[in-house]
Amino acid sequence: MASVPAPFPRPRPIDAYRAAYEHQVLLYLRNWRGSVFGNFAQPVLFLLAMGVGLGSYVDRGGTNATDGVPYLQFLAPALLVSTVMQGAAAEGTFPVLSGFHWVKRYHAMYATPLTARAIAFGQLAWTITHTLLVAVIFALMICLFGAAATPGIVWSVPIGVLTGIAFSAPISAFMTTQRDTNAWNNIWRFGITPLFLFSGTFFPIDRLPELIRPLAWVLPLWHGVDLARALALGTAGQAPLLHAAHLVILLAMAGVGVWAMFVRFRRRLDG
Amino acid sequence: MPGTTAPPTAPLITARGLTKRFGSFTAVDAIDFEVAPGESFGFLGPNGAGKTSTMRMIGCVSPLSAGEIRILGLDPARDGPAIRSRLGVVPQEDTLDTDLSVRDNLVIYGRYFGLSRAESARRADDLLEFAQLSERAKDKVDPLSGGMKRRLTIARALINEPSIMLLDEPTTGLDPQARHLLWERLYRLKQRGVTLVLTTHYMDEAEQLCDRLVVMDKARIVAEGSPLELIERYSSREVTELRFPVGVQETLGDRLDGIGDRIDRLPDRVLVYSDDGEAVSAAVRARGLLPQTVLVRRSSLEDVFLRLTGRALVD
């Protein structure tokens, strides 16, 4: 196709993708002190309260409800995935609202050679980076607490990140349609918090009433929790099909979410 | 200027039948205009006239509903990022990153244009100087005054040494002192040969900064020319403003008829257009009328707008 030749250097797409990511990294480097303490404190508090405190109570019950492993080891990988998911969900919310509405960072970026795709990429790549950082810190804390049943705990990190994206990306896509946090508050109250409590993190989902058990199947947290736990306890081989299905569902959710996020960013910016 | 693609006589921006619709609402209705290299070109009009929608189409962030536009010889639909790499955009609302320092805002913006970190940092320091913000380099953006934020936004828009600056209401909401400082900085850019395209609803701003402008009203262009041409064509050399005591203006009837070239009756005052404002005030007194105040002034773009649309520009 004949295009009018421009005697100025054309912007390179790779520069756009890198710069969009770099902006997010810069924001973190300038403001990391506020969040990093929480990244360490949260796993410590949860492992102490739920794992050590509640765990000693559960283990004394002697009902073997947790497949013969100490409750702390049963809980740890699941808690990592659930916590990382919550962080990623928040990462898909406030930075996106801020980018479009509060700070209008994305609009500033879009006035430059950056494409909507590069801007969405920068946000997503940063969410993955930060989620990875949170997951690694959590895994280190688990090891320090002696809460790792097997070296398979390292799988909790990528499973946690994947679960996080499966939440964060579709939430980002949704947030492009919002002008405030009202809808988001409801999602958190009636979606994220119940998920955190009832997706098999603290007790197996077969303890849930039969009626609401299918919900755990539909929403991706349980798939991440169950997969990470099986890999950490070394029991994945007992039900390979189920665990393969977990992975496929998580990948599909993340894939659709990322696609929706990219489409929505472009629609929103091309106003 | 580096980056101008065509020979100097060819326009940098050409729009034909440029149209923007949002659903059934037409924000910009088939307008035509051209902007020459080095020119300061303005869109003058009240809020809602379609100025910002036009600017967003020039800025390649808003697809056209109809018509066509070429910027630097390129089509935004196909070469948006390439065109945007040569633009400097000052949006109506600040989009500075309030989570970063003043200097970081400039450096990261340079990175969007593919500048190396060192080059971006060098330009950032020069631009802080230009924007008189060097002392605030390390501060966060939020505590800056409105005028400082505008200057920082302009500095940011200059980081890529743009061929065209797009300024959407650059001084709206600023106090007079901040406006004059900003005008002075923009005038310097103009002297350096940067092409400025700006929107404003202030006629004094249009007269200060624009070589040529179009008057927009209700999504259309209603007049085009230099500020002086427009005043000559649609107004008179001088305007005499007559303010009468409360209630008197309504009782005047035809007693002002025949004075000056034309008369406009506003709710609070009467404007008489003529080549000699003093003669008008003398004629008014000769008829035994006693206005409370008489102001003779040079005709302005506000009078042009009033003539063209029958309405005041800023309510």
Side-chain angles (χ1 to χ4, degrees), chain A residues 1-35 94-95 97-119 121-122 126 265-271, chain B residues 1-6 20 22 53 56 59-63 70-75 78-91 93-101 104-105 107-117 120 140-142 153 156-157 159-163 166:
Chain A
M1 208 177 355
S3 165
V4 180
F8 50 84
R10 295 253 167 181
R12 294 184 307 166
I14 179 78
D15 288 334
Y17 285 88
R18 194 185 49 210
Y21 178 63
E22 195 174 309
H23 192 146
Q24 304 294 336
V25 175
L26 185 66
L27 283 169
Y28 186 73
L29 292 177
R30 294 290 186 261
N31 303 285
W32 62 275
R33 287 173 197 84
S35 66
F94 301 103
L97 260 186
S98 175
F100 284 117
H101 281 295
W102 298 333
V103 174
K104 298 185 167 62
R105 188 174 290 130
Y106 298 152
H107 294 292
M109 292 175 166
Y110 200 44
T112 75
L114 265 58
T115 54
R117 206 174 288 161
I119 294 166
F121 168 84
W126 171 249
F265 265 57
R266 193 178 54 73
R267 294 237 178 102
R268 188 71 185 69
L269 286 168
D270 263 336
Chain B
M1 285 298 295
T4 49
T5 60
K20 183 73 189 181
F22 298 100
S53 293
R56 286 174 50 78
C60 310
V61 297
S62 176
R70 291 290 177 276
I71 301 142
L72 303 162
L74 301 178
D75 178 359
R78 208 168 54 204
D79 292 306
I83 298 169
R84 293 202 299 266
S85 76
R86 301 303 317 138
L87 301 180
V89 178
V90 177
E93 285 178 75
D94 283 323
T95 59
L96 296 165
D97 197 320
T98 47
D99 294 320
L100 294 177
S101 72
D104 279 344
N105 260 282
V107 177
I108 192 68
Y109 217 68
R111 298 286 290 153
Y112 292 162
F113 293 93
L115 301 180
S116 71
R117 279 191 195 87
S120 195
K140 283 263 160 89
V141 168
D142 252 344
T153 301
R156 189 181 68 171
I159 196 98
N160 59 327
E161 295 175 348
S163 309
L166 301 179

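Bear in mind the structure is a predicted one, so any value in this text is a computation, not a measurement.
In terms of heavy atoms, Ala82(B) sits closest to Arg10(A) at CB-NH1, 3.6 Å. For Gly114(B) against Asp15(A), the heavy-atom pair with the smallest separation is CA-OD2, 4.0 Å.
Atom-to-atom distance recorded for Gln24(A):CD and Ile108(B):CD1 is 9.0 Å, nearest 0.5 angstrom. The structure places CG of Asp99(B) at 5.0 Å from CZ of Arg105(A), a figure rounded to the nearest 0.5 Å. Separation of atoms OG1 (Thr115(A)) and CZ (Arg84(B)) is listed at 7.5 Å; rounding is to 0.5 Å. Atom NZ of Lys140(B) and atom CZ of Arg30(A) lie 9.0 Å apart (nearest 0.5 Å). To the nearest 0.5 Å, atom CD1 of residue Ile159(B) and atom OG1 of residue Thr112(A) are 12.0 Å apart.
When Ala20(A), Pro113(A), Ala116(A) are compared by the number of non-hydrogen pairs under 4.5 Å with chain B, Pro113(A) comes out ahead. Of the listed residues Ser53(B), Pro63(B), Ser62(B), the one with more heavy-atom pairs under 4.5 angstrom with chain A than any other is Pro63(B). The choice from Arg156(B), Arg117(B), Lys20(B) that makes the most heavy-atom pairs within less than 4.5 Å of chain A is Arg117(B). In terms of heavy-atom pairs under 4.5 angstrom with chain B, the leader among Met109(A), Glu22(A), Arg18(A), Arg12(A) is Glu22(A). In terms of heavy-atom pairs under 4.5 Å with chain A, the best-connected choice from Leu100(B), Thr98(B), Val89(B) is Leu100(B).
Ile14(A) CD1: 12 or fewer foreign heavy atoms inside a 6.0 Å radius.
Using a 4.5 Å heavy-atom threshold, the side chains of Asp97(B) and His23(A) count as touching. Looking at heavy atoms from C-beta onward, Pro11(A) lies out of side-chain contact with Phe113(B) at the 4.5 angstrom threshold.
Residue Val61(B) touches chain A through both its backbone and its side chain, counting heavy-atom pairs closer than 4.5 Å. Contact of Leu269(A) with chain B is made through the backbone alone, with heavy-atom distances under 4.5 Å. At a 4.5 Å heavy-atom cutoff, Ala16(A) makes no contact with chain B through either its backbone or its side chain. Residue Asn31(A) touches chain B through its side chain alone, counting heavy-atom pairs closer than 4.5 Å. Within the 4.5 angstrom heavy-atom criterion, no atom of Arg70(B) approaches chain A. Contacts of Leu166(B) with chain A are absent, with no heavy-atom separation under 4.5 Å from either backbone or side chain. Only the backbone of Asp94(B) comes within contact range of chain A, with heavy atoms under 4.5 Å apart.
Using a distance-only test at 3.5 Å, with no hydrogens or angles considered, a donor-acceptor pair links the side chain of Tyr109(B) to the main chain of Ala108(A).
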